[in-house]
Amino acid sequence: MTDYSRRQFLGALGAGTVASAGFTQPVAAQETPVVKMGNNYFDPIGLHVEPGTTVRFEIAAGAHSATAYPDRVPADATAFDSGTISQGSFEHTFEVPGTYDYYCIPHKTVGMVGLHRRW
């Protein structure tokens, strides 16, 4: 899927629909899944992670953030925010069960959003 069609798809459907359409990838707790942050995209768009899984958000190109919507994380969870970074990576461990919707601060308006589901 190209960056343009990914943005178009996300803009039309939104992150919640993406999750319900089966675009999440399951990941076991012992793995460290990597989400690439590139030119207006997260890849993969969503993950299903096990308790205690740490996810690494890595810069593939540009400057991005991995920022959870404060009102779209589980009630007992704390929203995460990498701040805008242009190199390296940011890691977050998902401890509280539920769905975490997140976005890129500089590219939210063009549909750079993602979702992690923790059971």
Spacing of OG1 belonging to T67 relative to NZ belonging to K108, to within rounding of 0.5 Å: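 Between atom OG1 of T67 and atom NZ of K108 there are 9.5 Å.
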
Once rounded to the nearest 0.5 Å, what's the spacing between atom CG of N40 and atom NE2 of H107?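 These two atoms lie 4.5 Å from each other.
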
Less than 4.5 Å apart, side chain to side chain, heavy atoms only: is that true for M37 and I59? yes

Going by heavy atoms in the side chains, are V35 and Y102 under 4.5 Å from each other?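 Yes; the side chains approach each other to less than 4.5 Å.
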
What pair of heavy atoms forms the shortest contact from [X] to [Y], and how long is it?
{"X": "S65", "Y": "G83", "value": "CB-O, 3.3 Å"}
{"X": "F80", "Y": "A66", "value": "CD1-O, 3.6 Å"}
{"X": "E95", "Y": "T93", "value": "OE2-CG2, 3.1 Å"}
{"X": "L47", "Y": "P33", "value": "CD1-CB, 3.8 Å"}
{"X": "Y69", "Y": "V73", "value": "O-CG1, 3.6 Å"}
{"X": "E58", "Y": "S89", "value": "CG-CB, 3.7 Å"}

Do I85 and V55 belong to the same hydrophobic cluster, where Ile, Leu, Val, Met, Phe, Trp and Tyr are linked whenever their side-chain heavy atoms lie under 4.5 Å apart, directly or via other members?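 Hydrophobic grouping puts I85 with V55.
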
Just say parallel, tilted or perpendicular for the rings of F57 and F42, cut-offs at 30° and 60°.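 The arrangement is perpendicular - the two ring planes meet at more than 60°.
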
Looking at S82 and F90, would you say the former's side chain and the latter's main chain have a donor-acceptor pair under 3.5 Å? no

Test item: H64 side-chain N/O and P106 main-chain N/O as donor-acceptor pair under 3.5 Å: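 It does not hold such a pair.
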
